[in-house]
**Q** 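Sharing a structure below in structure tokens format, with a few things to ask.
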Amino acid sequence: MSSKLNAKIPGGPMDTKWSRYRSTVPLVNPANKRGLEIIVVGSGLAGAAAAASLAEMGYKVKCFCFQDSPRRAHSIAAQGGINAAKNYQNDGDSVFRLFYDTIKGGDYRAREGNVHRLAEVSRNIIDQCVAQGVPFAREYGGLLDNRSFGGTQVQRTFYAAGQTGQQLLLGAYSALQRQVGKGTVKMYSRHEMLELVMIDGKCRGIIARDLISGKLERHFGHAVLLCTGGYGNVFFLSTNAMGSNVTAAWKAHKNGAYFGNPCFTQIHPTCIPVSGDHQSKLTLMSESLRNDGRIWVPKTKGDTRHPNQIPEDERDYYLERRYPAFGNLVPRDVASRAAKERCDAGFGVGASKMAVYLDYASAIERYGKSKALQLGIHEPSAEQIKSLGKEVVAEKYGNLFEMYEKITGENPYEVPMRIYPAVHYTMGGLWVDYELMTTVPGLYALGEANFSDHGANRLGASALMQGLADGYFVIPYTIGSYLSQEIRTKAIPTDHPAFEEAEKKVQGTLDKFLSIKGEKSVDHYHKALGKIMWDKCGMGRNKEGLTQALAEIKALREEFWQNVRVPGGLNELNPELEKAGRVADFLELGELMCLDALNREESCGGHFREEHQTEEGEAKRNDEQFSFVSAWEFKSVGSWELHKEALDFEIVKPSQRSYK
Amino acid sequence: MNITLKVWRQKNAKEAGNFVTYRLQDISPDMSFLEMFDVLNEQLIGKGDEPVAFDHDCREGICGMCSMMINGRAHGPTRGTTTCQLHMRSFNDGDTIVVEPWRAKAFPVIKDLVVDRTSFDRIIATGGFISVNTGSAQDANCLPVPKDDADKAFAAAACIGCGACVAACKNASAMLFVSAKISQLALLPQGQVERESRALNMVKQMDEEGFGSCTNTGSCEAECPKEISLENIARMNREYFMAILKK
């Protein structure tokens with residue numbers, strides 16, 4: 001559709017595209033690698049994996065993160081697991097099935113070529129992580145254990161209790177620190193990237209602020225990789241870390257990188273509900289809990305009885321009722337909307353009535369009976385069953401149950417948990433081609449920061465897979481295609497006028513924040529933006545709400561620039577100044593998300609336009625008109641041009657997604 | 001709830017710091033400790049004062065960034081809990097709460113409650129890894145690991161690197177942190193090849209960073225938010241002595 005967008009998908013049959021690409025992509029010889037510098041922004045799964053792998057290959061790498069250590073990146077909080085098409089459970093899994101499930105789960109809005117590659121390399125990831133010493137869960141025979149996750153009917157998820165992201169990130173962090181120790185990666189922690197440097201149409205470096213001294217620094221790179229995660233914090237309340245932000249990606253966008261599918265947001269079904277106005281973030285309860293937990297609400301509206309006192313036949317296990325084939329394991333978008341539907345209809349529970357129950361009583365009983373049998377206890381008492389069942393559940397989900405109890409003060413082994421959907425992940429992100437390059441030459445986006453693999457809805461345990469795939473197994477090959485053309489480019493001195501100008505621009509913005517001296521804090525504006533986004537661009541969206549949101553965000557942004565108060569100084573550690581920069585970017589991004597949501601006159605995956613639904617309330621796609629990726633080109637603040645990348649499905653024929 | 005806070009304020013690494021008292025009213029018991037600090041900061045900003053700088057990020061107990069010494073205890077009074085997961089329901093109406101940064105020579109204060117923990121990263125860089133490049137690792141199931149070993153390795157690997165062990169220790173020793181990584185890798189078959197050099201190098205770096213010695217008082221284990229076991233220190237000592245003998 002648009003001549004400007006070339007996804008560069010290699011030719012040939014789907015299952016040979018990647019292997020052919022790898023065999024034919026230009027290489028950079030070892031001597032030349034030593035002269036090529038790569039900047040990696042972000043140190044999560046994608047960033048740490050890429051920085052370590054590229055340094056191992058011989059490139060000179062600089063890696064930046066805003067936290068005090070690369071090990072803090074928010075990948076660390078991922079709980080449930082990582083998918084891989086290993087078929088260790090002999091349940092019929094294959095690369096093709098993982099590919100198919102991901103395309104279908106994404107509601108046919110992802111690119112087949114990228115997703116097939118993801119499914120292929122998924123197997124290498126597990127091998128690599130085990131070799132690094134990642135302590136995945138194992139069976140008694142010593143082999144790796146698996147569990148199942150939403151949107152699939154096989155067991156392909158590898159896990160380390162409810163701390164899989166932590167273990168994978170620490171593996172990548174170890175690999176990164178090993179290179180730091182060797183001097184092949186220079187690590188810049190407590191640094192934030194605030195601008196890109198463009199020279200002759202190519203990305204040639206960044207301006208970063210040392211968050212301790214407040215000084216601006218110039219860094220040259222032959223290529224820049226943004227591995228900076230997603231932008232869910234535009235909603236203020238999300239499961240993201242407090243510092244997660246869109247700033248690096250947004251600066252890239254304003255320098256010419258198109259933004260892909262910005263409205264595709266994942267609302268995760270199993271989070272701990274909001275408890276009051278003081279709430280600063282929301283906590284996810286791993287989707288793996290839906291493996292064994294059963295979700296229900298009372299059959300009677302406004303039933304105020306204690307959940308344990310509501311008899312079985314007065315409970316509505318609405319997911320099992322509506323989707324018998326997948327039951328509690330429907331994909332996230334479907335589960336979230338179903339919870340919202342019940343609560344909106346008046347069946348919600350808890351003080352706010354905006355929650356549903358996630359119940360472990362039957363799982364505890366089932367596991368207890370089986371454990372008793374294993375132990376040779378033939379007629380176990382109810383008490384014995386319960387206590388043995390609790391032990392098994394604790395082994396699988398112990399840390400999640402503890403976390404729930406810490407936050408809510410309730411014991412989930414005894415009382416059903418209360419959960420409600422919350423913003424969790426953004427499928428949208430910088431538009432990238434097959435090589436993960438954005439529309440800016442030399443600028444790449446990896447992991448959640450790009451848009452490419454999850455379509456309109458990400459399946460559980462696929463984010464870790466994608467971050468590591470991009471970092472360990474994709475970029476080390478694809479970057480050669482660009483850098484092999486750059487071997488004659490000498491490092492550009494940072495007194496080049498382009499660096500000068502970029503630094504001046506950043507300095508100007510920082511000075512501006514401090515000079516406004518208004519009345520309201522940065523958080524005030526962030527919360528106000530979050531409320532607009534959640535109410536009008538959240539789980540349900542419609543034309544009227546989105547149109548209002550566009551006007552409201554514009555007005556809020558104008559007020560922010562007139563009336564925000566940023567205390568403290570420039571040349572010191574100043575967390576309020578950091579937040580101001582991030583919220584300023586969210587105030588521009590929010591508008592683009594609403595514009596994209598308004599433009600996409602269909603429902604697909606996590607994007608639910610209320611005007612477009614089936615009679616049963618399911619998302620209704622419009623493949624004829626909307627089988628494309630929206631790639632937005634920035635013109636000026638509040639003004640964009642839409643480019644469309646048509647999605648051609650060679651293998652998987654789009655159909656109405658059914659989990660019934 | 002009404003709370004009186006005594007908070008360590010320090011402009012930067014060079015200037016001396018002192019305690020400043022703040023009074024907070026109508027604090028909800030359902031707030032997390034850091035949300036209570038958000039309320040304090042919002043009030044300070046409103047009054048034109050500078051907010052308290054403190055480290056935090058995930059606010060779900062896993063990133064290891066938050067680090068407050070609360071009433072003399074690392075991460076406060078609740079066992080196995082990070083500061084971000086501590087809730088105000090653990091305190092009483094009218095309480096006075098003293099909040100300080102981690103105190104250790106190897107963790108210099110940057111500002112207010114923020115300290116520099118890069119010494120931990122440098123220790124990991126000397127040996128907290130298995131030297132395997134990205135590429136063609138063998139199939140993951142070629143290497144069976146007894147479940148018990150894998151579980152123990154996982155329990156050690158659960159360390160979040162927050163530094164509470166150092167802050168809790170009267171000697172500011174980093175033995176629990178270092179031993180958790182050494183144990184994780186020593187327990188797994190993948191870690192065998194480098195086990196001696198790992199123990200020697202990491203201990204050497206730990207000493208160079210200025211952490212104190214271990215005198216087996218166990219306060220690290222008692223205050224660790226992830227309840228990392230002292231057993232790891234015993235295992236590390238064994239690894240270290242074996243490595244010296246083989247040297």
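Protein chains get the first letters and strands the later ones, always in sequence-line order, with residue 1 at the start of each.
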**Q** So which heavy atom on B:Phe120 is nearest to which on A:Tyr173, and how close?
**A**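 Answer, listing the atom of B:Phe120 first, then A:Tyr173: O-OH, 4.4 Å.
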**Q** For the side chain of B:Asp57 and the backbone of A:Gly243, is there at least one donor-acceptor N/O pair under 3.5 Å apart?
**A**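 Yes: the side chain of B:Asp57 pairs with the backbone of A:Gly243.
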**Q** Checking the side chain of A:Gln177 only, and the main-chain atoms of B:Asp121 only, is there a donor and an acceptor separated by less than 3.5 Å?
**A**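 Answer holds: yes.
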**Q** Any chance the side chains of A:Thr283 and B:Glu60 put a donor and an acceptor closer than 3.5 Å?
**A**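 No donor-acceptor contact under 3.5 Å links the two side chains.
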**Q** Do you know which of B:Arg59, B:Arg122, B:Lys181, B:Lys111 has the most heavy-atom pairs under 4.5 Å to chain A?
**A**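 Between B:Arg59, B:Arg122, B:Lys181, B:Lys111, the count favours B:Arg59.
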**Q** Quick one: does B:Glu50's side chain have a donor or acceptor within less than 3.5 Å of a partner on A:Pro567's backbone?
**A**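 It does not hold such a pair.
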**Q** What part of B:Val114 is in contact with chain A, defined as an atom under 4.5 angstrom from a non-hydrogen atom: side chain, backbone, both or neither?
**A**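 Contact with chain A involves the side chain of B:Val114 alone.
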**Q** Are the side chain of A:Lys406 and the backbone of B:Gln85 linked by a donor-acceptor contact shorter than 3.5 Å?
**A**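 No, the answer is negative, given that no donor and acceptor are paired below the 3.5 Å cut-off.
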**Q** How close do B:Val132 and A:Ala131 get, heavy atom to heavy atom, and via which atoms?
**A**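 Looks like CG1-O, 3.7 Å.
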**Q** With only heavy atoms counted, which part of B:Thr126 is less than 4.5 Å from chain A, the side chain, the backbone, both or neither?
**A**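 Neither; nothing under 4.5 Å.
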**Q** Can a donor-acceptor pair be found, under 3.5 Å and without considering hydrogens, that links the side chain of A:Gln163 to the backbone of B:Phe154?
**A**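 Between the backbone of B:Phe154 and the side chain of A:Gln163 there is no qualifying donor-acceptor contact (under 3.5 Å).
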**Q** Within the distance-only criterion (no hydrogens, no angle test), does the side chain of B:Gln190 pair as donor or acceptor with the backbone N or O of A:Val130 below 3.5 angstrom?
**A**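 Yes; judged by distance alone, with no hydrogens or angles, the pair exists.
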**Q** Run the salt-bridge test on A:Arg138 and B:Asp149 with the 4.0 Å N-O cut-off and return the result as yes or no.
**A**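 Here A:Arg138 does not pair with B:Asp149 in a salt bridge, since their nearest N and O are not under 4.0 Å apart.
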**Q** Heavy-atom distances under 4.5 Å only: say whether B:Ser136 touches chain A with side chain, backbone, both or neither.
**A**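 Answer is neither: B:Ser136 stays 4.5 Å or more from chain A.
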**Q** Let's test your reading of the structure: which of B:Val39, B:Leu185, B:Asn12, B:Val145 forms the most heavy-atom pairs below 4.5 Å with chain A?
**A**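 Ranked by heavy-atom pairs under 4.5 Å with chain A, first place is B:Val145.
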**Q** Looking at every heavy atom in both B:Ala157 and A:Leu170, which two are closest together, and how far apart are they?
**A**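 Taking every non-hydrogen atom into account, O-CD1, 3.7 Å.
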**Q** A:Arg178 and B:Asn133: side-chain donor and acceptor closer than 3.5 Å?
**A**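 Present: a donor and an acceptor within the cut-off.
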**Q** Answer yes or no: is there a side-chain heavy-atom contact under 4.5 Å between B:Ile160 and A:Gln166?
**A**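 In contact.
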**Q** Can you tell which part of B:Asp49 gets under 4.5 Å to a heavy atom of chain A, answering side chain, backbone, both or neither?
**A**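 Answer is backbone: N, CA, C or O of B:Asp49 sit under 4.5 Å from chain A.
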**Q** Determine, stepwise, if the pair A:Lys86 / B:Asp139 fulfils salt bridge (charged side-chain N to carboxylate O under 4.0 Å, His left out).
**A** CA-CA 10 Å; A:Lys86 282 287 201 185; B:Asp139 184 85; 2.9 Å; yes
**Q** Pick from A:Phe158, A:Phe136, A:Phe66: which one has the most heavy-atom pairs with chain B under 4.5 Å?
**A**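 Of the options given, most contacts go to A:Phe66.
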**Q** Below 4.5 Å from any heavy atom of chain A, which atoms of B:Arg89 appear? Answer side chain, backbone, both or neither.
**A**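 Answer is side chain: those atoms of B:Arg89 sit under 4.5 Å from chain A.
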**Q** Got a sec: does the OH of B:Tyr22 have more than 12 other heavy atoms crowding it under 6.0 Å?
**A**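 Yes, because the 6.0 Å sphere around OH of B:Tyr22 holds more than 12 heavy atoms from other groups.
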**Q** Less than 4.5 Å to any heavy atom of chain A: does that hold for the side chain of B:Ala158, its backbone, both, or neither?
**A**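 For B:Ala158, heavy atoms of backbone and side chain both lie under 4.5 Å from chain A.
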**Q** Pick from A:Ile126, A:Val180, A:Asp68: which one has the most heavy-atom pairs with chain B under 4.5 Å?
**A**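 Top count of heavy-atom pairs under 4.5 Å with chain B: A:Asp68.
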**Q** If only atom types and distance count, is the side chain of A:Tyr88 paired as donor or acceptor with the main-chain N or O of B:Asn141 below 3.5 Å?
**A**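 Yes: the side chain of A:Tyr88 pairs with the backbone of B:Asn141.
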**Q** Are the side chain of B:Glu42 and the backbone of A:Ser521 linked by a donor-acceptor contact shorter than 3.5 Å?
**A**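 No, because the side chain of B:Glu42 does not come within donor-acceptor range (under 3.5 Å) of the backbone of A:Ser521.
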**Q** Quick one: which of A:Glu519, A:Gln279, A:Met57 has the most heavy-atom pairs under 4.5 Å with chain B, could you say?
**A**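 Of A:Glu519, A:Gln279, A:Met57, A:Gln279 has the most heavy-atom pairs under 4.5 Å with chain B.
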**Q** Within the 4.5 Å heavy-atom criterion, are B:Gln138 and A:Asp127 side-chain neighbours or not?
**A**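 B:Gln138 vs A:Asp127: side chains apart.
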**Q** Quick check on A:Glu405: does its CD atom have over 12 non-hydrogen neighbours (other residues, nucleotides or ligands) under 6.0 Å away?
**A**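 Enclosed: over 12 neighbouring heavy atoms sit under 6.0 Å from CD of A:Glu405.
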**Q** Give the minimum heavy-atom separation between A:Arg71 and B:Cys159, together with the two atoms involved.
**A**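 Nearest pair, atom of A:Arg71 first, then B:Cys159: NH2-O, 3.1 Å.
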**Q** Looking at chain A, which one of B:Pro146, B:Pro51, B:Gly61 has the largest number of heavy-atom pairs inside 4.5 Å, strictly under?
**A**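 Highest number of pairs under 4.5 Å: B:Pro51.
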**Q** Between chain B and each of A:Pro135, A:Ala84, A:Pro70, A:Ala49, count heavy-atom pairs under 4.5 Å; write down the option with the most.
**A**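 It is A:Pro135.
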**Q** Which bit of B:Ile45 is near chain A, if near means a heavy-atom gap under 4.5 Å: side chain, backbone, both or neither?
**A**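 Both parts, heavy atoms under 4.5 Å.
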**Q** Taking every heavy-atom pair that is under 4.5 Å apart, which of A:Glu572, A:Lys520, A:Arg72, A:Glu56 has the most such pairs with chain B?
**A**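 Looking at each of A:Glu572, A:Lys520, A:Arg72, A:Glu56 in turn, A:Arg72 comes out on top.
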**Q** Name the member of B:Pro189, B:Pro144, B:Gly80, B:Ala150 that forms the most heavy-atom pairs with chain A at distances under 4.5 Å.
**A**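 The option with the most such pairs is B:Pro144.
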**Q** Please determine if B:Asp55 and A:Arg190 form a salt bridge, counting it only when a charged side-chain N lies under 4.0 Å from a carboxylate O.
**A**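 Salt bridge between B:Asp55 and A:Arg190, a charged N being under 4.0 Å from a carboxylate O: yes.
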